[in-house]
Number of protein chains: 2
Amino acid sequence: MFVLAEEINEELSDIKLEYENLRSQLCKLENLLCKENGGEFGLSTRLQLQASKLFNTDQFSDVQVILKGGNHIKAHKMILAASGDDWGVEQFDHVDMLDLTDLRYDVGYALMKWVYTDDFGGYSVQLDDNFFIEMMQAAKVCKLKALHIRCQKALSTMVNNETCERFLKLSEEFDAKILKENCEKLLGKKTVINLPRMESQFERQVTKDTEQI
Amino acid sequence: MFVLAEEINEELSDIKLEYENLRSQLCKLENLLCKENGGEFGLSTRLQLQASKLFNTDQFSDVQVILKGGNHIKAHKMILAASGDDWGVEQFDHVDMLDLTDLRYDVGYALMKWVYTDDFGGYSVQLDDNFFIEMMQAAKVCKLKALHIRCQKALSTMVNNETCERFLKLSEEFDAKILKENCEKLLGKKTVINLPRMESQFERQVTKDTEQI
C-alpha cells in the first residue's frame with residue numbers, strides 16, 4: 001500500500017512538471033501570437049489607424065506639404081519618413097516644408113493619401129496608366145521605394161500590345177525592373193491581342209477629401 | 001465566306017470585351033491586394049519598422065518619459081497616441097513630459113518598449129504574474145486598452161488553483177473581464193491541479209537596451 005502511494009506520488013510529480021512546462025509554453029506562445037498577429041489591438045493596426053486619422057490634421061503636424069496650385073497638406077515627418085527618409089531634399093529631418101508643386105495636383109494629393117493610408121484616395125482619382133506613370137516618376141524623385149514598386153505592379157496589369165513598347169521605354173527610364181519584366185514577358189509571346197489603350201473603370205469624382213484642402 | 005468573316009469578327013469583339021473586363025478586374029484586385037496585404041512594403045510594416053527604429057532616439061522626439069530613478073526615454077507623442085491619447089494626463093497633446101515614476105523601473109521601461117514594438121523587451125524583464133499585474137495596473141492608469149487586454153491574456157495563461165482567487169479579486173479591481181472569465185472557468189471545474197506560483201521561464205538579464213538609458 002505504501003509503495004503504491006509512493007508510485008502515485010511520483011507520477012503526480014511528473015504530471016505537475018509536465019503541466020508546468022505546458023503552461024510555460026502556452027504563456028510564451030500567447031506572447032508571440034500577440035506580437036505577430038495582434039489583430040484589432042496589435043501595434044501595426046494601432047499605427048495604421050493613427051496614421052489614417054492624422055491625414056491633413058493639425059495634431060502633431062510638423063511639416064507642410066505644398067501641392068500644385070498652392071494647396072497645402074498638414075503632414076507629419078515621422079509618417080512621411082516611414083515611406084522614405086529622403087524625399088528628394090537635403091536634410092529631410094530639418095525641413096518644415098516639402099514642395100510637390102512639380103507634380104500634377106491629383107498625383108501629389110494621391111501620393112500623400114498613399115503615404116497615410118496605403119491607398120490613393122479611392123474614387124477621387126482616375127487610376128489609369130498616365131496616373132501611375134506620373135506617380136512612378138514622383139516615387140523615383142522622392143525616393144519612395146514601396147510606391148515605386150506599387151506603381152510598377154499597377155502598370156504591369158495594363159501591359160498590352162499597344163502600351164508595351166511605351167512601358168518598356170519608361171521602365172528603363174525609371175529603373176522599373178518589375179514593369180520591364182512584364183513587358184518582356186508579353187513581347188516573348190507570339191500572339192498578342194490588339195486592344196485600345198485601357199480606359200480606367202474609375203470615374204473621376206470630386207470627393208469630400210479633395211474639397212477639404 | 002463573307003458571313004463567316006463577320007461571325008469571326010463578332011466573336012473577336014466579344015473576346016476583346018471579355019479580355020478588357022478581365023484586365024480591369026485584375027487591376028482592381030492588384031490594388032486591393034497591395035492595400036490589404038502589402039507585405040514587406042505595406043504601410044503597416046513600414047510604420048512598425050519606423051516605430052521600432054525610433055525607440056528612445058532624438059529623431060522627431062517631442063516628449064520625454066521619466067521613469068523611476070530619474071531615467072528618461074526620448075519619446076514621440078504620435079507613437080504614444082497610437083496606443084492611447086489620454087495617458088492619465090490632462091491635455092496629452094500639449095505636455096512635453098510624461099511621469100511614469102510611480103511604476104517599477106522595469107515595468108515602466110517594458111511599457112515603453114511595448115508601445116514601440118508590441119513586445120516587452122524580450123529577456124530583459126521577468127515576465128511573471130507580478131510583472132503582468134503591475135503592467136495591467138499601469139495600463140488602467142494610462143488608459144491603454146490594448147495593453148490592458150494583452151496583460152489579461154498573459155495572466156489568463158497563469159491561472160491555477162493557487163493564483164485563481166487572487167487573480168479573480170484583481171480582475172474585479174482592474175475591470176479585467178477576460179481574466180475574470182478565465183478564473184471563473186477554472187473555478188467551475190471540479191478537479192483543480194494544485195501547483196506552486198508559476199515561476200517564469202525568462203531569466204532576468206540586463207540587456208543593452210537597459211544600459212543605454
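Within every chain, numbering begins at 1; the chains are lettered A, B, ... in the order of the sequence lines, protein sequences first and strands thereafter. Given the structure is predicted, the values throughout are model-derived calculations rather than measurements. FYI, side chains are in, hydrogens and waters are out, and symmetry mates aren't considered; it's all heavy atoms of this structure.
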Output side-chain donor-acceptor pairs under 3.5 Å for residues 132-141 of chain B, partner residues at least two apart or in another chain, one line each.
{"unit_1": "B:Glu134", "atom_1": "OE2", "unit_2": "B:Arg104", "atom_2": "NH1", "d": "3.3"}

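- Put simply, the side chain of B:Gln59 never gets that close to the backbone of A:Asp93: no donor and acceptor are under 3.5 Å apart.
- Scanning both residues, A:Leu43 and B:Val115, for their nearest heavy atoms gives CD1-O, 3.3 Å.
- Within the structure, side-chain hydrogen bond (donor to acceptor under 3.5 Å, both in side chains) contacts touching residues 76-85 of chain B (residues at least two apart or in different chains) are A:Arg46-B:Ser83, B:His76-B:Tyr116.
- Within a 6.0 Å radius of CD in A:Glu165, other residues, nucleotides and ligands contribute 12 heavy atoms or fewer.
- Taking both residues in full, the closest heavy atoms of B:Leu47 and A:Ala82 are given as CD2-CB, 3.8 Å, listed atom of the first, atom of the second, then distance.
- B:Ala81 touches chain A through backbone and side chain together, each having a heavy atom under 4.5 Å away.
- The part of B:Leu54 that comes within reach of chain A is its side chain, from C-beta onward, which places non-hydrogen atoms under 4.5 angstrom from that chain.
- Environment of NZ in B:Lys143: sparse, with no more than 12 heavy atoms of neighbouring residues, nucleotides or ligands closer than 6.0 Å.
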